[in-house]
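Right, one structure below, let's go through it.
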Amino acid sequence: MSENVVHLHKPTDPPADGTAPTVLTVVPDAPPARPVPLWVRSGRAVKTVVTHETTRATVRAAARHASYTFNGGRIVARRTWDGRTGSRYERMIRAAEAAGNLEAAEEWEERLQRFRAARHHRRMDLLHSPVEAAKGVAVGAGMSIGVLVALGVVMAINTGQAKDVITPLSATIDFIALLIRIVQIVWGPALTIGPFLALLALWSVGRKQHAAPAWALPANVRSSEGEPITPSIVVKALRDLGVPALARAIKEMGDAGASMLGPIRIAGCGVEVDVTLPSGVATNEIQQRRRKLAENLTRHEHEVFITIPTAARTVRLWIADSGALDEPIGPSPLVTDETITADYAKGKAPWGQDLRGDAAAISLYQRHLLITGLSNQGKTAALRALALWLALDRSVQFLMGDLKGAGDWAMFDGLATVLIQGPTDEHVIEVTEMVESAVDEMNRRLTAPPGTAFPPLIVLVDEAQVAFMCPAVDDEKRPYGGSKAKSRYFTAVRKIHNQGRAVNVLMWQGTQDPTDQNLPKLVREGAHTRASLALGTESQARMALGDKAVDGGAAPNLLRPGLDKGTVVVASDGIAIPAGQASITVRTHYIDTEVAAALADRAKALRDGVTTLHVIERGEDRDPLADIATVLGDASRVLTQDVLKRLAALNADAYGKWSFIDLKRVLDGTGAEPYKSDGRMVIGRDRLTRALTNRDEQGSASTD
């Protein structure tokens with residue numbers, strides 16, 4: 001029994017004299033810990049041994065080598081059976097019939113008949129072979145004895161010894177006896193060792209074919225990532241896909257399952273193959289198992305793309321070389337070629353490369369554009385690359401709103417007529433009024449005389465979801481955001497989508513995480529070019545690209561966020577898409593902000609100078625003459641129609657409905673009236689400056 005422990009405690013109520021005498025309390029020790037039973041310790045030891053890596057490696061090795069021997073026997077037996085029977089021909093016939101190739105089926109049927117005829121002749125020959133063999137042995141033995149006797153006679157004549165006549169015959173008999181003796185000695189050990197040699201041969205066959213469960217194979221065999229794609233690998237991957245009808249059809253076709261495959265073609269950084277599915281298997285059953293198919297092909301999910309070509313009951317597989325999609329694609333031609341120019345109507349913007357490694361260029365002519373994706377996936381960079389190319393066409397004009405306000409579009413200061421940057425409700429209001437001014441410009445163009453040519457006007461709003469979700473309302477209680485008919489931003493975008501294309505007024509939008517709240521259905525479907533970076537769900541992919549593209553194989557939701565930055569899935573008639581496909585995947589060139597600024601400087605050098613407005617002013621008395629001078633900027637002269645458009649962008653309320661007559665009325669009598677230059681009406685900066693100076697001087701004189 002253990003000793004007691006004495007603890008010192010103070011009483012709750014101290015004595016009257018104020019002292020606190022110590023009270024001794026005896027507390028017994030806790031009972032000693034009970035010993036661990038032997039069976040518990042033994043169980044722990046057994047568990048440690050069983051789960052140890054050495055034990056696992058031993059079990060895997062034993063299972064592997066046993067499987068090599070057993071499955072090697074199966075392989076040899078199958079080969080022997082195929083060689084002795086017509087089963088191989090019968091499998092080929094079934095495969096041809098399953099593929100609908102009757103000519104091939106007839107050819108294999110003829111080969112089977114020839115094989116059976118040859119086998120029948122061999123069997124009939126066996127009936128006569130014993131007699132023929134006996135005759136042959138008798139004749140051969142007689143001739144051999146005659147030769148030996150003749151040789152003995154020659155030796156006897158030569159030596160003069162009569163007994164040498166039988167010497168060759170006697171030597172031959174002794175040699176045969178020696179061979180029999182050797183066989184008698186070797187036969188016993190051979191019978192003992194023979195089975196082991198046979199098992200070794202079967203083991204060797206199984207080992208060469210890796211005929212063992214995947215979990216039992218060595219690590220270097222299990223990790224076959226990056227191995228070349230062959231017909232047998234593709235067929236095996238399809239067979240193990242988990243589609244019962246497909247597995248049964250391939251099993252019936254046997255080794256001829258490769259008849260489902262078209263030629264395996266090199267396509268960029270991977271290969272491409274068309275697979276004709278057997279009856280009873282739908283193409284969407286293959287599309288829905290993309291990850292499993294990729295893993296069966298020893299690839300990652302993002303390295304296998306499944307599309308639907310025009311041929312019925314066919315899927316097209318593009319299989320990347322392992323790791324190829326993680327390598328950069330190189331700089332944009334805009335960066336490497338300083339002489340490159342843009343042509344809005346006839347040219348195509350160099351955007352990146354498709355999965356085959358071919359250059360991917362896109363036409364922007366009269367096409368509204370929408371690009372979506374998760375945050376920080378390269379959406380702004382992909383959209384900006386298109387705008388930078390288009391800026392190299394001096395006829396293109398820009399109205400820009402960046403509702404992120406991080407400076408990603410700052411290089412367009414001096415290129416864009418309007419550039420609004422910021423995420424607040426006030427910035428949304430200004431962007432909305434900017435888009436509404438573009439609607440007014442569109443309406444002026446629509447009412448212009450037939451045949452009038454209009455310069456392209458790109459209305460670009462980045463982070464458009466901020467505008468759609470803005471809660472601000474105007475003085476008439478009309479919301480700026482939202483997706484209802486009274487929403488000012490939504491209504492303006494819809495008007496441009498409806499009629500802007502006809503007069504080269506185009507709407508470009510970039511937005512995050514497309515939903516019905518931040519990207520209404522009517523706005524999504526109004527874009528001619530729809531592109532998407534990585535998304536989270538298939539429903540978002542359908543909102544971004546449309547049902548047709550997703551049903552045809554487009555899957556931006558399967559792109560890897562953070563790893564596939566800048567990779568977009570595009571649905572547009574402005575880019576070359578393989579026949580039968582509804583979309584194409586493009587790895588866009590990345591142009592960083594510093595390089596983008598240099599490209600913007602090249603574009604500015606092509607222009608006479610653009611005064612960029614950063615604030616849309618409204619609700620105040622205007623000085624038309626001063627505003628005209630403001631929108632002229634540093635240009636020596638500007639077309640009157642461009643002046644009207646810039647005034648409308650400056651203040652839609654004051655100048656949104658101005659015509660040439662209003663402009664001429666303000667300038668008449670000032671000495672800065674519009675005049676013709678190269679056959680077109682323009683306003684000169686120097687004349688307007690003199691007019692303002694004269695007005696100010698006259699105003700000062702009258703004041704004095």
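Reckoned from all heavy atoms, side chains included, excluding hydrogens, waters and symmetry mates. For the single chain, residues carry numbers from 1 onward in sequence order.
The backbone N or O of Val315 sits nowhere less than 3.5 Å from a side-chain atom of Thr283 that would complete a donor-acceptor pair.
Side chains of Glu463 and Gln465: a donor-acceptor N/O pair is present below 3.5 angstrom, by distance only. The closest side-chain donor-acceptor pair between Asp358 and Gln353, if any, does not fall under 3.5 angstrom. Counting only N and O atoms by type, the side chains of Thr380 and Asp462 include a donor and acceptor under 3.5 Å apart.
Atom NZ of Lys236 is surrounded by 12 or fewer heavy atoms from other residues, nucleotides or ligands within 6.0 Å. No more than 12 heavy atoms of other residues, nucleotides or ligands lie within 6.0 Å of CZ in Arg74, so this atom counts as exposed by the packing criterion. Open room surrounds CD1 on Ile266; 12 or fewer heavy atoms of other groups in view lie less than 6.0 Å from it.
With sequence neighbours excluded, the residues that form a side chain to side chain donor-acceptor pair (under 3.5 Å) with Thr307 are Gln581.
Here the OG1-CG distance, from Thr372 to Asp513, works out to 9.0 Å after rounding to the nearest 0.5 Å. We find the CZ-CZ distance between Arg265 and Arg316 to be 6.0 Å, quoted to the nearest 0.5 Å. Within the model, atoms CG of Asp551 and CZ of Arg542 stand 4.5 Å from one another, a figure rounded to the nearest 0.5 Å.
Counting only residues at least two apart or in different chains, ring-ring contact (aromatic ring centres under 6.0 Å, His included) contacts with residues 508-561 comprise His368-His528.
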